[in-house]
Amino acid sequence: MLDVKELSVDIGRIVAHRGDRMLDVKELSVSYGSCTVVDRLSFHVSEGQWLMIVGPNGAGKSTVLNAVTQGVAYSGTVSLRGKDVKKISAAQRAKEVGVLAQNHFVGYEFTVEEVVRLGRYAYSSRVLAGRKDEDEKAVDDALALTGMEALRGQSVLKLSGGELQRTFLAQVFAQDPKLLLLDEPTNHLDLVYQKQVFELIAQWVKQPGRAVVSVVHDLSLAKAFGSDALLMSRGRLVAQGEIDEVLRPEHLDPVYHMDVCAWMREMLSQWKTME
Amino acid sequence: MRKRPEHFRPIEYVMFSLVTLAVMCLCVCVGSVSIPLPETVRVIWSALTGQEQTSGLSNSIILSVRLPRVFCVALSGSALSLAGAAMQGLLKNPLADGSTLGVSSGASLGAVLAIALGVTIPGLPFSGTMVMAILFAFLSLLVILGLAYKLDYSLSTNTIILIGVIYSMFMSSLMSIVITFAADKIQSITFWTMGSLQNSSYKNAAILLVAFLLCGGVLFFHARELNAFAVGEDNARHVGVDVRRTKLTVLIMVSILIGVCVSIGGTISFVGLVTPHMVRMIVGPNHRRLLPASAFGGAVFLLLADLAARILLNPRELPIGVVTSLVGAVVFVFIFYQTRKN
């Protein structure tokens with residue numbers, strides 16, 4: 001029998017070394033009309049970190065990720081390795097930052113391989129340029145890593161939710177970014193896929209020079225895989241630091257308006273009779 | 001399970017070209033007066049090689065009536081299909097097209113205004129209509145997409161169609177107002193709004209060819225960006241596509257293509273909807289293959305539609321737009337049904 005505690009250490013917890021500063025967010029504010037979604041938020045991410053952004057619905061978590069990829073207008077600065085993101089090209093940014101979104105609605109019958117190949121967009125310069133071995137290898141490796149090799153010729157419209165998410169995970173692996181942003185990537189996946197996706201990412205981030213920032217709702221998942229956490233509420237920062245320091249009752253309870261730990265314990269206790 | 005090549009292969013270019021050429025020959029030969037193929041080939045050959053022209057009837061029918069018309073029809077079909085394919089990729093919506101979005105109506109209003117107000121550019125006859133049509137096509141796209149994004153960020157099929165319908169109605173009522181005020185120009189406006197490639201000239205064909213090569217070329221070089229958009233605009237941004245620049249470039253190219261086509265042949269609806277849809281079933285959704293295949297497919301589709309318009313009610317001739325709309329409406333319902341099912 002595997003000890004549960006040991007397993008959780010095995011699958012996650014990147015406490016290893018903290019390398020160079022990758023992402024620097026300073027005084028980030030985002031407003032939609034008169035509604036301020038993110039309010040003067042500052043944080044940074046270094047190599048080797050897996051930062052979990054947690055908080056109730058409407059806290060502005062996904063908006064923070066959108067700002068990093070220039071998907072929303074914002075004030076404040078977002079810099080990647082010291083360079084203002086606004087001043088680097090989209091392709092340059094994509095080599096540094098990859099995103100795995102929550103939902104995907106592909107409109108046409110692209111094959112798995114075609115979607116994964118898009119991950120190499122930032123690397124290949126022209127439409128007429130032939131295939132480069134390097135790109136081919138990245139695509140093949142990504143497909144193999146995510147277990148999508150057998151389905152590479154399959155139409156993405158015919159995939160299950162889990163397979164589709166793995167296709168996009170393969171795309172972002174092929175993109176070979178240094179920083180991976182995850183926006184509740186397993187929200188609508190069943191447990192098997194949830195486990196698979198998180199384990200794959202845990203493997204990925206172990207390589208030197210990489211880091212992950214993810215938005216998650218499931219606090220247990222956050223605790224199992226994250227090294228650090230950032231707790232937000234209504235666009236504002238409540239607490240940040242190492243994960244066990246942040247996810248504590250004194251921070252969580254006022255934000256969620258409930259006794260979070262008691263609830264978690266109660267949920268777990270449902271399984272006691274099974275042991 | 002399919003393994004599709006990434007590019008449109010040379011053999012496919014040859015095959016599609018042959019089919020297009022064959023249909024072009026058919027359209028030159030068949031008509032109210034049928035001319036046998038050997039005769040047609042002989043006439044064209046002697047014209048090409050600069051031999052002395054015989055002044056026969058078939059000579060003048062082929063060289064001054066059918067050939068320029070066939071060129072114009074083929075190029076209009078290609079241009080409209082390319083525009084449709086590009087827009088369907090950009091908006092990730094298989095129902096997007098100049099006519100369903102209302103861009104063609106916008107371009108028509110521009111052209112009608114140019115005729116009514118007598119807008120001309122010195123030294124370039126006809127160019128006033130064309131420039132106004134292009135300008136209005138682009139402005140229409142901006143208005144329509146601006147409205148659509150405001151109302152429904154995901155640009156769902158229903159929103160697009162609703163806005164397209166409303167916009168088209170708005171444009172045609174504006175057009176009616178313009179026509180009411182320009183009673184003296186009513187004849188040339190009516191003639192133009194009928195939308196026909198009946199009086200095509202080699203000059204028109206040359207203009208279409210230039211627009212097609214320039215805009216088609218630019219669109220073709222954006223095939224990978226269009227692929228990314230067709231998967232999703234956010235995904236395109238994530239993999240490193242300069243979303244804003246791509247959108248602007250594609251919209252300008254589409255406006256020019258539609259504007260030029262409308263100013264030469266009036267509004268010919270649904271070509272950009274029907275062809276890319278059919279072609280996608282053959283070559284797949286990858287724009288590196290879809291764009292060239294759509295260009296050929298569009299030429300073939302519009303040539304056949306034109307042929308049908310000429311011979312179905314012979315000796316009367318149907319406007320070409322009637323034929324494309326008949327086919328287009330059916331295909332539209334079919335695609336709409338499919339997207340709803342998905």
Side-chain angles (χ1 to χ4, degrees), chain A residues 65-66 68-71 88-131 136 150-158 167-168 171-172 174-175 177 180-181 183, chain B residues 1-8 85 88-96 153-157 217-246 276-277 280-281 283-291 338-339 341-342:
Chain A
L65 300 190
N66 267 333
V68 176
T69 58
Q70 308 294 295
I88 60 177
S89 72
Q92 205 58 41
R93 186 189 70 229
K95 289 181 187 173
E96 287 289 331
V97 185
V99 182
L100 183 63
Q102 183 178 162
N103 289 316
H104 310 277
F105 301 102
V106 182
Y108 301 100
E109 283 220 303
F110 284 100
T111 62
V112 167
E113 189 180 339
E114 282 169 332
V115 171
V116 175
R117 196 176 292 282
L118 278 176
R120 298 302 293 174
Y121 173 83
Y123 296 88
S124 45
S125 52
R126 275 173 300 123
V127 73
L128 291 177
R131 292 184 179 184
E136 292 305 298
L151 294 172
R152 68 190 295 161
Q154 178 81 264
S155 153
V156 286
L157 297 184
K158 298 198 174 83
T167 303
F168 279 90
Q171 186 195 62
V172 84
Q175 194 178 328
L180 185 55
L181 308 181
D183 191 356
Chain B
M1 200 67 100
R2 284 150 301 161
K3 178 84 184 157
R4 284 197 297 247
E6 182 101 349
H7 294 279
F8 206 52
Q88 285 153 30
L90 191 77
L91 302 177
K92 203 177 98 174
N93 191 325
L95 285 172
Y153 182 74
S154 65
L155 286 189
S156 76
T157 308
V218 173
L219 287 178
F220 182 71
F221 277 98
H222 281 79
R224 290 182 320 139
E225 285 82 355
L226 285 172
N227 282 341
F229 268 93
V231 168
E233 187 176 330
D234 285 333
N235 194 247
R237 183 162 45 82
H238 296 157
V239 298
V241 175
D242 189 335
V243 173
R244 198 180 275 264
R245 192 182 55 84
T246 305
H277 181 71
R280 210 176 277 121
M281 290 199 258
V283 301
N286 188 334
H287 286 79
R288 287 186 182 192
R289 295 166 54 68
L290 182 67
L291 291 178
Q338 273 194 327
T339 53
K341 219 168 50 179
N342 285 337

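Naming: A, B, ... by sequence-line order, numbering from 1 per chain.
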Are the side chains of V106(A) and F168(A) in touch, meaning some heavy atoms are under 4.5 Å apart? yes

Looking at chain A, which one of V243(B), V239(B), D242(B), N235(B) has the largest number of heavy-atom pairs inside 4.5 Å, strictly under? V239(B)

Report yes or no: do R280(B) and Q88(B) form a side-chain donor-acceptor pair below 3.5 Å? yes

If one checks every heavy atom of Q92(A) against chain B at 4.5 Å, the contacting part turns out to be neither

Give, as side chain, backbone, both or neither, the part of V97(A) having an atom under 4.5 angstrom from any heavy atom of chain B. backbone

Is the shortest side-chain heavy-atom distance between L180(A) and V172(A) below 4.5 Å? yes

Could you tell me if the side chain of T111(A) sits less than 4.5 Å from the side chain of Q154(A), heavy atoms only? no

